[in-house]
Enquirer: 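One structure, as structure tokens, below. Some questions next.
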Amino acid sequence: MVTYRTLMEMNRKEIFGETITDSERGEATAVFLKGICAKEDIRNYKKRMGVNFETDHLYPDYYIPPYNGNKKLRLIQGDLPKTNLLYANYYELEILRLLCGAIQENETVKEMIDHTLQRLRQTCFGTSCTQGECLAAGISVLRLLAAVKPDDPEWMDRLLNPLGALFLSFNNSQAAAQKGIPVFYLLMALTDINNEKTRTWISQKKEWLSDLLRRGWITGRLSNGNLSEGDTYNVMRKYIIRNALGTLPEYKDISQYEIYVSDKDGRCYCSI
């Protein structure tokens with residue numbers, strides 16, 4: 001679980017715009033390298049997934065999610081994955097994305113990323129599939145590409161274009177989940193890529209996104225007194241929206257607006 005917690009904390013700091021020191025990056029890199037799974041563990045995992053270890057490209061070759069009593073752990077932005085395809089690939093690709101800064105110094109990292117890019121080219125979700133949770137796995141691929149292959153727009157566009165069409169297809173009043181879009185994860189990828197295309201899409205949805213920032217979202221405690229684990233991520237989701245809007249010229253100073261939890265009603269807001 002140490003590797004998972006480090007993955008979550010590094011991403012949280014990125015999303016919240018907190019300073020990550022060289023020491024912290026070094027410690028995280030050490031955790032990730034120590035957390036590389038043994039070949040036998042990978043072999044056994046793929047056997048459980050019903051695929052051939054020697055020929056499989058669908059599942060990771062270096063990192064598999066930690067055991068959590070047969071219950072999947074949540075993704076960075078709070079979604080609970082339904083399939084092992086998303087769960088396992090998201091975990092490996094997000095770790096490799098964070099490791100990419102060590103490529104120049106560490107041959108193991110370079111080899112893992114090069115091998116994984118070759119693996120992804122042979123998968124449906126790594127190229128253009130937007131069916132089911134392949135769609136969310138494709139967003140993980142986009143996040144990795146933005147970090148290690150920003151000079152390959154053709155590959156990114158094969159994933160981006162169908163995702164963008166889906167992103168723009170729902171009305172502002174619709175829940176993105178109705179279209180099967182993990183919208184906050186997608187917004188993270190669009191923020192990472194930050195080119196003319198992604199800014200155009202975000203701009204077309206800026207009124208909706210601004211409205212979401214202003215709304216009061218519960219932060220875990222429901223009206224019946226029960227705790228909603230998914231809703232504890234709502235503060236983070238506000239930051240994700242704010243970061244996405246911050247890629248637009250007219251919102252360049254949006255980080256000055258505070259995201260906070262009200263003492264009055266326990267909901268999170270943005271002061272925009």
Side-chain angles (χ1 to χ4, degrees), residues 11 15 57-58 75-83 85-90 93-94 97 116-117 119-213 215 230 233-234 236-251 254:
N11 271 281
I15 293 166
H57 301 295
L58 290 176
L75 308 186
I76 294 165
Q77 77 290 0
D79 287 357
L80 193 60
K82 299 176 183 177
T83 65
L85 180 73
L86 168 59
Y87 188 42
N89 278 286
Y90 145 85
L93 300 186
E94 287 291 344
R97 184 188 70 82
T116 300
L117 291 175
R119 175 177 76 82
L120 294 173
R121 288 184 183 276
Q122 301 178 72
T123 65
C124 58
F125 63 84
T127 50
S128 62
C129 183
T130 55
Q131 300 298 313
E133 287 203 327
C134 275
L135 180 149
I139 297 173
S140 296
V141 178
L142 273 176
R143 295 248 297 159
L144 179 63
L145 292 178
V148 303
K149 295 284 285 185
D151 56 348
D152 193 343
E154 182 179 346
W155 188 352
M156 273 199 265
D157 280 352
R158 287 201 299 270
L159 290 164
L160 263 181
N161 290 337
L163 283 167
L166 286 171
F167 178 60
L168 297 176
S169 68
F170 58 85
N171 298 322
N172 289 352
S173 60
Q174 283 182 299
Q178 293 177 348
K179 293 286 185 178
I181 302 175
V183 67
F184 300 104
Y185 199 29
L186 178 56
L187 283 173
M188 291 171 67
L190 299 183
T191 303
D192 291 341
I193 295 167
N194 190 15
N195 60 21
E196 183 177 354
K197 178 179 291 186
T198 60
R199 290 191 295 270
T200 297
W201 294 343
I202 292 170
S203 182
Q204 291 181 53
K205 291 295 183 183
K206 64 183 180 182
E207 292 182 6
W208 171 63
L209 294 172
S210 296
D211 180 61
L212 291 181
L213 270 184
R215 292 184 187 179
Y233 287 82
N234 275 338
M236 178 179 287
R237 289 162 182 159
K238 294 279 190 186
Y239 278 93
I240 291 170
I241 296 170
R242 196 182 71 173
N243 293 344
L245 285 171
T247 64
L248 305 180
E250 62 268 40
Y251 285 94
I254 196 172

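Values in this document were obtained by computation on a predicted structure and should not be read as measured data.
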Enquirer: As an exercise, state the distance from CD1 of Ile193 to OG1 of Thr247, rounded to the nearest 0.5 Å.
Expert: 11.0 Å
Enquirer: Give a yes or no on whether a salt bridge exists between Arg97 and Glu94, defined as a side-chain N under 4.0 angstrom from a carboxylate O.
Expert: yes
Enquirer: To the nearest 0.5 Å, what is the distance between OG1 (Thr191) and CZ (Arg242)?
Expert: 12.0 Å
Enquirer: Between Asn89 and Arg119, is any side-chain donor less than 3.5 angstrom from a side-chain acceptor?
Expert: yes
Enquirer: Give a yes or no on whether the backbone of Pro81 and the side-chain of Glu133 come within a donor-acceptor separation of less than 3.5 Å.
Expert: no
Enquirer: Do Leu135 and Pro182 have side-chain heavy atoms sitting under 4.5 Å apart?
Expert: yes
Enquirer: Quick one, Leu160 with Leu190, criterion side chain to side chain contact (heavy atoms under 4.5 Å, CB included). Give me CA distance, side-chain angles, the key distance, then yes/no.
Expert: CA-CA 9 Å; Leu160 263 181; Leu190 299 183; 3.8 Å; yes
Enquirer: To the closest 0.5 Å, what do you measure between CZ (Arg215) and CG (Asn234)?
Expert: 12.0 Å
Enquirer: With a 4.5 Å heavy-atom cut-off, do Ile202 and Tyr251 have their side chains touching?
Expert: no
Enquirer: Heavy atoms, side chains only, cut-off 4.5 Å: are Leu120 and Leu93 in contact?
Expert: yes
Enquirer: Do Ile139 and Met188 come within less than 4.5 Å of each other through their side chains, counting heavy atoms only?
Expert: no
Enquirer: Let's go through Asn161 and Lys197 carefully: what are the C-alpha distance in whole Å and the side-chain angles of both, what is the deciding distance for side chain to side chain contact (heavy atoms under 4.5 Å, CB included) to 0.1 Å, and is it a yes or a no?
Expert: CA-CA 9 Å; Asn161 290 337; Lys197 178 179 291 186; 2.8 Å; yes
Enquirer: Between Leu245 and Leu213, is a side chain to side chain contact (heavy atoms under 4.5 Å, CB included) present by the stated rule, with each step listed?
Expert: CA-CA 10 Å; Leu245 285 171; Leu213 270 184; 3.9 Å; yes
Enquirer: Mind checking the CZ-CD spacing from Arg237 to Gln77? Nearest 0.5 Å is all I need.
Expert: 7.0 Å
Enquirer: Please step through side chain to side chain contact (heavy atoms under 4.5 Å, CB included) for the pair Leu159 and Leu145, ending with a clear verdict.
Expert: CA-CA 10 Å; Leu159 290 164; Leu145 292 178; 4.2 Å; yes
Enquirer: Measuring from Ile241:CD1 to Lys205:NZ, what's the distance to the nearest 0.5 Å?
Expert: 13.0 Å
Enquirer: Please round to the nearest 0.5 Å and tell me the distance separating atom CG of Leu163 and atom CG of Leu168.
Expert: 11.0 Å
Enquirer: Does Arg199 offer a backbone N or O that forms a donor-acceptor pair with the side chain of Ser203 under 3.5 Å?
Expert: no
Enquirer: Do Trp155 and Arg121 come close enough that some side-chain heavy atom pair is under 4.5 Å?
Expert: yes
Enquirer: State, to 0.1 Å, how close Cys134 and Phe125 come at their nearest heavy-atom pair, and which atoms those are.
Expert: O-CB, 3.5 Å
Enquirer: Write down the atom of Phe167, the atom of Trp208, and the distance for their closest heavy-atom approach.
Expert: CE1-CZ3, 4.2 Å
Enquirer: Does any part of the side chain of Leu86, heavy atoms only, come nearer than 4.5 Å to the side chain of Asp79, both counted from C-beta?
Expert: no
Enquirer: Identify which one of Phe184, Tyr90, Tyr233 satisfies the side chain to side chain contact (heavy atoms under 4.5 Å, CB included) criterion when paired with Ile76.
Expert: Tyr90
Enquirer: In chain order, what residues pass the ring-ring contact (aromatic ring centres under 6.0 Å, His included) check against Tyr185, with sequence neighbours excluded?
Expert: none
Enquirer: Taking the side chain as everything from C-beta on, heavy atoms only, tell me whether Asn243 gets closer than 4.5 Å to Leu187.
Expert: no
Enquirer: If we ignore hydrogens and angles and just use 3.5 Å, is the side chain of Lys149 paired with the main-chain N or O of Leu144 as donor and acceptor?
Expert: no
Enquirer: Less than 4.5 Å apart, side chain to side chain, heavy atoms only: is that true for Asn195 and Met156?
Expert: no
